[in-house]
Amino acid sequence: MNIGKLRLDGNLLLAPMSGVTNLPFRLLCKKYGAKLVYSEMTFSEAIVRENRKSMKRGFTCTEERPLGIQLLGSNPDTMARSAVILQERFMPDLIDINLGCPAKNIIKNECGSALLKKPELIGEIVEKLTQSLDTPLTAKMRVLDNPEKTLEIARIIEKAGASALVVHGRTPKQGYSGTSSHAIIKSIKNGLSIPVIANGDIRDEKTAMHVLEYTQCDGLMIGRAAIGNPYIFRRISHYLDTGEILPERTFGERLDDFFEYAALCRKYDVLAYSDLKLKAQRFLRNKENIKPVREKINYARDIDSIMGTMEGLRSGKLG
Ligand SMILES: Cc1cc2nc3c(=O)[nH]c(=O)nc-3n(C[C@H](O)[C@H](O)[C@H](O)COP(=O)(O)O)c2cc1C
């Protein structure tokens with residue numbers, strides 16, 4: 001799949017997820033076959049102010065490329081200025097505009113999915129950014145209840161110069177409940193010439209194949225199913241290439257992934273208590289008969305106790 005001047009040798013993408021897709025996690029997904037990974041969303045206003053925490057979200061390394069950095073905002077000038085800063089500082093392979101976040105504090109600031117109510121402003125933002133950047137620009141949107149209106153917005157995004165569009169088939173009102181409408185995604189794919197990437201409810205090999213065949217989209221973006229399970233990219237790409245389902249990953253292999261994640265966090269100096277706790281819990285997902293271990297992780301007060309509990313599991317002393 002090509003996104004503007006960016007050439008990808010596959011079509012599986014890791015979704016941007018705030019609080020989840022830090023550099024170590026992206027590297028693991030990349031290792032298992034994600035062909036394009038995205039940073040967590042970054043506020044344009046914070047980038048313009050050179051806020052340290054927000055700037056850190058753009059941090060990358062050669063092994064993870066290509067990288068997309070996602071921008072959140074609503075003022076076309078500020079967004080363009082921040083995009084140029086990110087382009088110069090991190091040289092991302094693409095910059096993406098968030099048109100989907102349904103969180104209350106984001107909507108209050110008229111960003112994310114609130115922009116879907118202002119198609120003209122979306123057009124202005126996309127046009128301003130494409131004119132200001134050498135980097136390809138993409139957008140990631142949610143759908144509206146009305147498929148025609150959704151397609152209208154998608155067409156505005158294409159006409160204003162975006163190189164690709166990611167569509168999450170849920171409305172802002174749905175949040176993360178209900179199902180993603182692959183039918184609306186299909187109608188958008190039919191109505192545009194730029195690559196369209198389907199997102200929402202791709203959980204495994206079968207759903208991936210179904211969404212790809214049904215929508216005829218150019219690529220698939222995977223979010224929640226990769227949390228605690230970056231190996232999903234290997235499973236899905238193997239299935240799409242061969243039609244074969246790989247054997248279940250052993251629990252030991254899943255733990256190896258967790259320890260690799262923790263080592264990468266140390267390497268890139270982003271090891272953090274709350275993140276490690278969340279990731280440990282997700283890597284233990286679906287494992288039976290380890291309730292005491294889960295409780296230990298829940299009550300762990302620091303990084304050492306989380307690591308100690310996970311070491312105990314690995315060595316067979318726990319669980
Ligand atoms: C914890 C979490 C954080 C998210 N953060 C972002 C974000 O920063 N930017 C964005 O465009 N979408 C964000 N999303 C939405 C996902 O990118 C994706 O569109 C959504 O989860 C649907 O895909 P899935 O069914 O594969 O998870 C987030 C989702 C989750 C669960």
Side-chain angles (χ1 to χ4, degrees), residues 11-23 25-26 29 34 36-44 46-47 53-54 56-58 67-74 79 86 92 94-107 109 111-116 122 125 137-143 157 162 164-182 184-185 188 196-208 210-212 215 217 219-230 232-233 235-236 274-275 277-279 281-282 285:
N11 60 359
L12 297 183
L13 283 65
L14 171 67
M17 286 182 283
S18 202
V20 178
T21 51
N22 57 5
L23 173 62
F25 184 73
R26 300 195 303 256
C29 292
L36 175 64
V37 295
Y38 286 76
S39 73
E40 305 165 68
M41 62 188 177
T42 38
F43 268 105
S44 53
I47 296 297
K53 202 171 156 204
S54 299
K56 255 181 136 177
R57 288 189 161 192
L67 169 74
I69 296 186
Q70 192 188 58
L71 257 188
L72 187 77
S74 60
M79 287 190 78
L86 291 171
L94 64 80
I95 290 183
D96 181 75
I97 300 174
N98 183 317
L99 300 175
C101 185
K104 270 193 193 136
N105 58 331
I106 305 289
I107 303 273
N109 286 314
C111 301
S113 63
L115 287 172
L116 296 172
I122 292 179
I125 292 171
L137 185 91
T138 61
K140 178 168 176 286
M141 70 182 290
R142 283 193 180 230
V143 301
I157 293 169
L165 178 65
V166 179
V167 187
H168 176 191
R170 280 191 180 78
T171 64
K173 221 179 352 165
Q174 275 182 291
Y176 291 94
S177 61
T179 50
S180 174
S181 167
H182 298 137
I184 301 194
I185 299 178
I188 292 175
V196 176
I197 294 137
N199 170 238
D201 297 346
I202 297 163
R203 292 179 301 272
D204 50 24
E205 296 90 334
K206 294 282 166 81
T207 45
H210 167 74
V211 174
L212 204 55
T215 63
C217 274
L220 299 176
M221 178 179 268
I222 298 164
R224 289 164 298 172
I227 311 178
N229 183 23
I232 191 171
F233 287 100
R235 296 186 69 89
I236 291 182
S274 51
D275 173 71
K277 189 167 168 175
L278 171 108
K279 296 281 174 21
Q281 284 160 338
R282 299 306 288 262
R285 200 169 45 170

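The figures that follow rest on heavy atoms only: side chains count, while hydrogens, waters and symmetry mates do not. First listed ligand is number 1; within each ligand, the first listed atom is number 1. Note that the structure is a prediction, hence the values are computed from the model and not measured.
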Under the salt bridge (charged side-chain N to carboxylate O under 4.0 Å, His left out) test, residues paired with K279 that sit two or more places apart | D275

For N109, check side-chain hydrogen bond (donor to acceptor under 3.5 Å, both in side chains) against everything at least two apart and list the hits.
-> none

Neighbouring residues of ligand 1, heavy-atom cut-off under 4.0 Å = A15, P16, M17, S18, M41, Q70, N98, K140, H168, Y176, N199, G200, D201, I222, G223, R224

Taking salt bridge (charged side-chain N to carboxylate O under 4.0 Å, His left out) as the test, write out the residues that go with D201, two or more places apart.
-> R170, R224

Quiz item: cation-pi between R26 and F233, 6.0 Å / 45° | no

CA sep, side-chain torsions, deciding dist, call: N98, I106, side-chain contact (heavy atoms from CB on, under 4.5 Å) = CA-CA 11 Å; N98 183 317; I106 305 289; 6.0 Å; no

Could you please spell out the steps behind the side-chain contact (heavy atoms from CB on, under 4.5 Å) verdict for I197 and T138?
-> CA-CA 10 Å; I197 294 137; T138 61; over 6 Å; no

